[in-house]
2 protein chains.
Amino acid sequence: MGNWSLSKPGKPDPLNSRLGYLLKRVSTAAMGDLSLRLQEVDLREVDATVLLLIERTPNIIASRIGRILDIKTANMVPLLRKLEDKGLIRREPIDGKSNGLQLTAAGARKLSETRAILDEFERDLEQRVPEEHRDHIVPALQAIWATARRSDKKS
Amino acid sequence: MGNWSLSKPGKPDPLNSRLGYLLKRVSTAAMGDLSLRLQEVDLREVDATVLLLIERTPNIIASRIGRILDIKTANMVPLLRKLEDKGLIRREPIDGKSNGLQLTAAGARKLSETRAILDEFERDLEQRVPEEHRDHIVPALQAIWATARRSDKKS
DNA sequence: TATTGTTATACTCTATAACTATA
DNA sequence: TATAGTTATAGAGTATAACAATA
């Protein structure tokens with residue numbers, strides 16, 4: 001345990017003892033892996049995440065998704081249009097300015113496939129963490145995430 | 001401890017119980033924070049990292065840095081040129097095709113300032129992890145990183 | 001033949017600005 | 001007045017292809 005954060009004088013920390021560096025490299029590598037896996041369902045990570053949100057909260061509106069995932073509304077437009085063009089989601093007017101988003105039957109089917117990929121990805125990732133650390137990494141990241149200042153609170 | 005990975009049937013996992021999702025969000029937020037901090041020395045994260053590598057291994061060549069940091073050699077060119085234009089690094093021919101990279105005096109001074117920022121960022125980040133998890137997160141990430149298939153082995 | 005370095009370019013992602021219309 | 005949605009565009013970051021020169 002834990003003198004990894006101490007640098008010997010003269011010999012500076014190797015990069016891979018820095019939490020910030022590790023977070024970036026591990027995240028990038030993991031997302032690259034996930035992207036490859038999601039090619040099988042022809043979706044990007046963000047598409048999969050949006051489908052998960054729509055499933056979890058039917059009639060969710062675009063701007064709320066954007067707030068949760070930190071996506072500008074301007075960038076939500078082509079994202080949702082592509083999902084709609086693929087027949088995976090449907091928009092139903094809530095009032096004059098908002099559209100509630102729902103999965104189509106095809107979208108629900110696609111999400112089933114996708115969830116299997118996501119779950120396997122998740123399992124594989126967790127198994128690469130040695131047992132003695134495994135139960136700590138998610139709570140640790142959640143704690144960092146919970147203390148990040150950001151616009152929206154949930155998820 | 002640890003039933004965060006279990007989803008209740010019907011109620012799917014919230015996103016922020018997924019390791020992959022947390023890695024991405026925490027990494028993005030942390031890098032955004034670091035970018036802001038590095039504005040004080042007019043450097044990006046990647047610039048700071050490259051300066052660290054040059055300091056650690058004087059006469060390192062561009063292609064080796066690219067291999068370590070997963071930066072295509074084509075993209076190393078403008079990166080190094082900018083650092084050279086700022087007077088932070090110097091290139092000295094090793095042979096007819098390679099240039100050894102070194103910090104200039106100004107580069108060494110800049111890196112001192114930069115390292116202070118990096119170290120404070122690191123400390124702040126670590127302190128956001130509850131004590132009971134703190135000694136686990138770096139080893140956990142190192143383990144994931146160590147098992148990522150990639151071109152280069154070190155750092 | 002593999003490596004180093006370079007130029008030019010394309011693609012993706014994200015950010016910004018201006019705008020319309022509704023709550 | 002704030003929110004929802006849209007369009008168009010700019011910028012960064014990254015990837016690809018073609019190339020020259022050296023080990």
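Numbers restart at 1 for each chain; the letters A, B, ... are given by sequence-line order, proteins then strands. All values below come from the heavy atoms of this structure, side chains included, with hydrogens, waters and symmetry mates left out.
- Rounded to 10 degrees, the angle separating the terminal axes of the helix from C:dT1-D:dA23 to C:dA23-D:dT1 is 20°, with each axis obtained from five end pairs.
- By the side-chain contact (heavy atoms from CB on, under 4.5 Å) test, A:T49 is found to be paired with A:L69, B:L15, B:Y21, residues two or more places apart in sequence or in another chain being considered.
- Considering only residues two or more places apart in sequence or on other chains, A:R109 meets the side-chain contact (heavy atoms from CB on, under 4.5 Å) condition with A:A105, A:A106.
- Annotation: side chain of A:L88 is not in contact with side chain of A:L103 (no heavy-atom distance under 4.5 Å).
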Can you name the atoms? Protein N/O to nucleotides 1-3 of chain C N/O, anything below 3.5 Å, with the distance.
from: C:dT3; atom 1: O2; to: B:K97; atom 2: NZ; distance (Å): 2.8

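- Computed from coordinates, the B:I71 CD1 to C:dT4 P distance equals 15 Å when rounded to whole Å.
- Taking A:R37 as the reference, A:D33, A:I117, A:E120, A:F121, A:D124 meet the side-chain contact (heavy atoms from CB on, under 4.5 Å) condition, with sequence neighbours excluded.
- A heavy atom closer than 4.0 Å to some atom of DNA chain C occurs in no member of residues 28-39 of chain A.
- Summarising the hydrophobic clusters (Ile, Leu, Val, Met, Phe, Trp, Tyr; side-chain heavy atoms under 4.5 Å, direct or chained), the residues clustered with A:I94 are A:I61.
- Partners of B:K86 under the salt bridge (charged side-chain N to carboxylate O under 4.0 Å, His left out) rule, at least two apart in sequence or in another chain, are B:D42.
- Less than 4.0 Å separates DNA chain D from at least one heavy atom of each of the following residues of residues 86-95 of chain A: A:R91.
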Under 3.5 Å, which protein N or O atoms sit close to an N or O of nucleotides 8-14 of chain D? Give each pair with its distance.
from: D:dG13; atom 1: OP2; to: B:R44; atom 2: NH1; distance (Å): 3.1

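- Each side chain to side chain donor-acceptor pair (under 3.5 Å) pair with one or both residues in residues 88-102 of chain A, not counting sequence neighbours, appears once here: A:N59-A:Q102, A:E84-A:R91, A:R90-A:Q102.
- For B:P130, the side-chain contact (heavy atoms from CB on, under 4.5 Å) partners are A:A143, B:E132, B:H133, not counting sequence neighbours.
- Here B:R64 does not reach the OP1 or OP2 of C:dG5: none of its side-chain N or O atoms lies under 4.0 Å away.
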What verdict does the salt bridge (Lys or Arg N to Asp or Glu O under 4.0 Å) test give for B:D47 and B:R44, after you've listed the backbone C-alpha separation in whole Å, the side-chain angles of each residue and the deciding distance to 0.1 Å?
CA-CA 5 Å; B:D47 300 320; B:R44 302 168 304 161; 3.1 Å; yes

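- Within 4.0 Å (heavy atoms only), A:S98 reaches sugar-phosphate atoms of the nucleic acid but no base atom.
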